[in-house]
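Okay, so here's the structure we're looking at.
Please read all numbers here as calculations on a predicted model, not as lab measurements. Computed from heavy atoms alone, side chains included, the values below leave out hydrogens, waters and symmetry copies.
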Amino acid sequence: TIESSAFNGCSSLINFDFTNIKTIKDNAFNKSGLTGQVKMPNLEILEADVFNNTTIEDLADLGKITAVKMIRYMYSLVKV
């Protein structure tokens, strides 16, 4: 689990290994330096505004999500 606002404002964080992450809570990566494509193959719960104010271009491999909290920013990133 990545807790709420865990990496909020960490502009030097440009990539992260999400392979074993199952839950990401509100605003976890808000204003972080994450960029490019993010793959989350084991993610089950995705809370609100997780990737606000980042330069992520694509979310991929989201096959195990079972719960999603209201998300505004990600609608344009998720490819169905």
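Counting heavy atoms from C-beta outward, Ile2 and Phe18 have side chains that approach closer than 4.5 Å.
At least one donor-acceptor pair closer than 3.5 Å links the side chain of Asn42 to the backbone N or O of Thr19. Of the possible donor and acceptor atoms, none in the side chain of Asp49 sits under 3.5 Å from a partner among the backbone N and O of Asp26.
Taken from CD in Glu44 to OG1 in Thr23, the straight-line distance is 6.5 Å, to the nearest 0.5 Å. Considering CZ of Phe51 and CD1 of Ile56, their distance stands at 4.5 Å, rounded to 0.5 Å. The distance from atom CG of Leu59 to atom CD1 of Ile65, rounded to the nearest 0.5 Å, is 8.5 Å.
Of all heavy-atom pairs between Ile24 and Ile21, the closest is CG1-CG2, 3.7 Å. Considering every non-hydrogen atom in both Glu3 and Ala28, the closest pair reads O-CB, 3.7 Å.
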What pairs of donor and acceptor atoms, side-chain ones from residues 29-40 against any protein atom, are under 3.5 angstrom apart with sequence neighbours left out?
from, atom 1, to, atom 2, distance (Å)
Asn30, OD1, Asn53, ND2, 2.9
Asn30, ND2, Asn8, OD1, 3.4
Ser32, OG, Phe29, O, 2.9
Ser32, OG, Leu34, N, 3.4
Thr35, OG1, Thr55, OG1, 3.1
Gln37, NE2, Asp58, OD2, 2.8

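Ile14 and Val50 fall into different hydrophobic clusters, where Ile, Leu, Val, Met, Phe, Trp and Tyr side chains are chained together by heavy-atom contacts under 4.5 Å.
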